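This report concerns only the one structure given below.
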Amino acid sequence: GDSVTQMEGPVTLSEEAFLTINCTYTATGYPSLFWYVQYPGEGLQLLLKATKADDKGSNKGFEATYRKETTSFHLEKGSVQVSDSAVYFCALILTGGGNKLTFGTGTQLKVEL
Amino acid sequence: DAGVIQSPRHEVTEMGQEVTLRCKPISGHDYLFWYRQTMMRGLELLIYFNNNVPIDDSGMPEDRFSAKMPNASFSTLKIQPSEPRDSAVYFCASSHSWGNQPQHFGDGTRLSIL
């Protein structure tokens with residue numbers, strides 16, 4: 001079945017460090033890919049998305065590129081801030097799958113001064 | 001635009017009591033999803049609706065859980081009787097059906113069963 005695999009957390013970085021959170025997927029069709037972010041005590045918020053191969057989603061300095069050849073959608077940010085501390089979820093929707101999201105397990109990011 | 005609205009934000013009750021969680025989706029969205037989030041099991045999809053009709057309830061843990069969507073602007077998730085292991089954060093989300101549209105989440109209901 002369809003699945004999303006994320007790197008284990010927590011990831012701890014110093015402020016202004018470069019961030020990569022790896023995400024790979026398995027899907028029988030052509031999914032749309034998403035990154036969601038969950039700040040403490042809040043619901044999940046859509047961070048960025050990409051709907052076809054080679055698309056790059058970007059928002060708030062974060063970006064991720066849909067790589068069909070490696071079935072990956074790694075999240076990157078050039079310079080993280082303390083306020084980026086949150087849990088990040090990679091997810092996919094399969095076309096014709098009823099808008100049902102398949103989530104990864106989430107990766108906690110902690111950014112320290 | 002108003003987002004997905006859930007109520008209550010927090011609920012503390014004793015085991016055996018009936019619990020009702022409420023959700024108002026974003027206007028115009030025709031998919032509605034209920035999730036449960038715990039430290040042990042992460043984020044689990046419980047049930048989802050399309051045009052007020054339940055499509056997949058395979059994630060509902062047992063018969064004590066039920067969900068309804070009487071109209072396009074309101075859904076409930078009910079637990080009766082509640083048990084301590086039901087303690088979790090319950091999220092509602094909604095989305096459009098056209099294309100692979102992302103889901104928009106509410107802020108959740110933090111449920112504690114004593």
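Computed from a prediction, not measured in an experiment: that's the story for all the values here. FYI, side chains are in, hydrogens and waters are out, and symmetry mates aren't considered; it's all heavy atoms of this structure. So that the names make sense, note that chain A is the first sequence line, chain B the second, and so on, each numbered from 1.
- Put simply, OH on A:Tyr36 and CZ on B:Phe105 are 5.5 Å apart, with the number rounded to the nearest 0.5 Å.
- A distance of 6.0 Å separates CG in B:Leu45 from NZ in A:Lys100, rounded to the nearest 0.5 Å.
- Taking a 6.0 Å sphere around CZ of B:Arg110, one finds it holds 12 or fewer heavy atoms contributed by other residues, nucleotides or ligands.
- Summarising the local packing, OH of A:Tyr30 is surrounded by 12 or fewer heavy atoms from other residues, nucleotides or ligands at distances under 6.0 Å.
- The environment of CG in B:Asp63 is sparse: at most 12 heavy-atom neighbours from other residues, nucleotides or ligands sit within 6.0 Å.
- Most heavy-atom pairs under 4.5 Å with chain A: of the set B:Pro102, B:Gly42, B:Gly106, B:Gly108, this distinction falls to B:Pro102.
- No more than 12 heavy atoms of other residues, nucleotides or ligands lie within 6.0 Å of CD in A:Glu8, so this atom counts as exposed by the packing criterion.
- Heavy-atom pairs under 4.5 Å with chain B peak, among A:Gln45, A:Gln38, A:Lys49, at A:Gln38.
- For a residue to count as touching a neighbouring chain, one of its non-hydrogen atoms must lie under 4.5 Å from one of that chain's; by this rule B:Leu43 touches chain A with the side chain only.
- Between B:Gln103 and A:Phe34 there is no side-chain heavy-atom pair separated by less than 4.5 Å.
- Hydrophobic clustering places A:Val80 together with A:Tyr88 (ILVMFWY residues linked when any side-chain heavy atoms are closer than 4.5 Å, directly or through intermediates).
- Enclosure of atom CD in B:Glu14 is not indicated, since only 12 or fewer non-hydrogen atoms of other residues, nucleotides or ligands lie within 6.0 angstrom.
- One finds the CD atom of B:Gln37 at 5.0 Å from the CZ atom of A:Phe89 (value rounded to the nearest 0.5 Å).
- The candidate from A:Thr51, A:Leu46, A:Leu101 with the greatest count of non-hydrogen atom pairs under 4.5 Å with chain B is A:Leu101.
- When each of A:Ser32, A:Gly106, A:Ala91, A:Gly41 is checked for heavy-atom pairs under 4.5 Å with chain B, A:Ser32 comes out on top.
- Of the atoms belonging to B:Asn50, not a single heavy atom falls under 4.5 Å from chain A.
- The 12-atom threshold is not exceeded at NZ of B:Lys24, counting heavy atoms of other residues, nucleotides or ligands nearer than 6.0 Å.
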